[in-house]
Number of protein chains: 2
Amino acid sequence: MDIEKLAEMLKALADPTRLKMLAILQHRDCCVCEFVPVFKISQPAVSKHLSRLKTAGLVKESRKGQWVFYSLNREVLEQVGLALRQLPDMSDELKELEKQGLLVNVCCE
Amino acid sequence: MDIEKLAEMLKALADPTRLKMLAILQHRDCCVCEFVPVFKISQPAVSKHLSRLKTAGLVKESRKGQWVFYSLNREVLEQVGLALRQLPDMSDELKELEKQGLLVNVCCE
DNA sequence: ATTTTGTATAACCATATAGTTATATGGTAA
DNA sequence: TTACCATATAACTATATGGTTATACAAAAT
């Protein structure tokens with residue numbers, strides 16, 4: 001996963017309400033109206049949080065009659081956790097700095 | 001790690017510049033002036049990003065003469081990656097919803 | 001057909017974020 | 001001491017974010 005994408009995913013995750021939604025979805029698929037009393041925010045607010053998670057690919061939605069149920073996309077969440085622990089190699093950037101003499105050398109550390 | 005804290009850490013991480021900084025710090029401790037040419041943003045902007053990472057505990061700082069070097073706090077980064085993959089149990093919230101009859105039952109799924 | 005229920009979108013507001021320039025602070029060197 | 005270099009902070013700007021209320025849309029029920 002590239003850094004821009006990872007940052008985007010982390011922004012989708014970096015909110016207590018959305019994290020709790022994901023935590024709840026670990027146990028059970030839920031629809032919008034079930035989340036409203038949990039978080040004590042308006043239905044449109046819940047809807048927007050879920051929409052954000054869906055855009056990031058962290059949840060999937062499926063309509064069941066008049067309800068829209070959301071389910072956790074575990075693999076994607078796994079991928080983010082993994083990507084965080086395997087940040088890309090940036091030695092090229094450092095080599096470039098060295099070539100241009102922009103690395104600081106502290107003697108007698 | 002509690003959800004509020006996790007969200008805070010993820011906010012600190014959810015920026016491409018800061019992620020790249022951490023990726024670079026995997027290879028080598030760096031001072032502020034070394035990051036400036038890498039990201040092509042102003043020195044105060046770099047300073048603020050590093051300050052944010054430091055507040056989150058993701059980096060440590062140490063002065064070396066006139067330079068302030070930043071180093072990666074690998075354990076903390078590990079902890080975040082792990083916390084993401086082990087979101088807290090929220091079954092109590094679901095039990096509460098059930099007790100109050102707020103869970104939707106879709107028959108004939 | 002009309003009403004009701006659940007969800008999504010639009011328009012708006014307050015705050016947070018990421019950048020800028022100007023300036024203050026800390027340490028080194030003349 | 002004075003000048004210089006690296007870093008941090010202050011003040012500001014533009015945009016993103018998370019909430020609201022009002023409204024539109026979809027499916028179900030009367």
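Each chain gets a letter, A, B and so on, in the order the sequences are listed, and its residues count up from 1.
- With the nearest nucleotide of DNA chain D identified for both Glu61(B) and Lys40(A), Glu61(B) has the one nearer the 5' end.
- Note on Met21(B): it clusters hydrophobically with Leu97(A), by side-chain heavy-atom contacts below 4.5 Å among ILVMFWY residues.
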Completion exercise
Counting primed atoms, P, OP1 and OP2 as sugar-phosphate and everything else as base, the B/S/- map of nucleotides 21-30 of chain C against protein heavy atoms under 4.0 Å is BB----SS--
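- For Tyr70(B), a side-chain nitrogen or oxygen approaches OP1 or OP2 of dA8(D) to under 4.0 Å.
- The side-chain hydrogen bond (donor to acceptor under 3.5 Å, both in side chains) pairs that include a residue from residues 16-36 of chain A are Arg18(A)-His49(A), Arg28(A)-Glu34(A), where partners are two or more places apart or lie in different chains.
- Nearest heavy-atom pair, Val32(A) versus Ser47(A), reported as atom, atom and distance to 0.1 Å: CG1-N, 4.4 Å.
- Residues Val104(B) and Cys31(A) share a closest heavy-atom pair of CG2-SG, 3.6 Å.
- Atom CZ of Phe39(A) is separated from atom P of dG18(D) by 13 Å (rounded to the nearest Å).
- The stretch residues 3-19 of chain A does not touch DNA chain C, since none of its heavy atoms comes less than 4.0 Å from the strand.
- No side-chain heavy atom of Val68(B) sits less than 4.5 Å from a side-chain heavy atom of Ser62(B).
- Asn73(B) places no side-chain N or O within donor-acceptor distance of the main-chain N or O of Lys60(B), the cut-off being under 3.5 Å.
- Closest approach of Cys30(A) and Ile24(A) over heavy atoms only: SG-CG2, 3.9 Å.
- Put simply, the side chain of Thr55(B) gets close to the backbone of Ser51(B): a donor and an acceptor are under 3.5 Å apart.
- A salt bridge links Lys99(A) with Glu96(A): the closest approach of a Lys/Arg side-chain nitrogen to an acidic carboxylate oxygen falls below 4.0 angstrom.
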Residues 78-90 of chain A, side-chain donor-acceptor partners within the protein, below 3.5 Å, at least two apart:
from	atom 1	to	atom 2	distance (Å)
Glu78(A)	OE1	Arg85(B)	NE	3.3
Glu78(A)	OE1	Arg85(B)	NH2	2.7
Arg85(A)	NE	Glu78(B)	OE1	3.3
Arg85(A)	NH2	Glu78(B)	OE1	2.7
Asp89(A)	OD1	Ser91(A)	N	3.0
Asp89(A)	OD1	Ser91(A)	OG	2.3

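- For the segment residues 47-59 of chain B, the set of residues with a heavy atom within less than 4.0 Å of an atom of DNA chain C comprises Lys48(B), His49(B), Arg52(B), in numerical order.
- Within a heavy-atom distance below 4.0 Å of DNA chain C, the residues of residues 28-38 of chain A found are Cys31(A), Val32(A), Cys33(A).
- Atoms CD1 (Ile41(A)) and P (dA8(C)) sit 13 Å apart, rounded to a whole Å.
- Residues Leu25(A) and Ser71(A) have side chains not in contact (no heavy-atom distance under 4.5 Å, counting atoms from C-beta outward).
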Exercise for the section: Give the C-alpha distance, both sets of side-chain angles, the deciding distance and a yes or no for side-chain contact (heavy atoms from CB on, under 4.5 Å) between Leu19(B) and Leu10(A). Expected result: CA-CA 10 Å; Leu19(B) 283 175; Leu10(A) 290 172; 4.0 Å; yes
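- For the pairing with Leu53(B), the side-chain contact (heavy atoms from CB on, under 4.5 Å) check across Leu22(B), Val76(B), Asp15(B) returns one residue only, Leu22(B).
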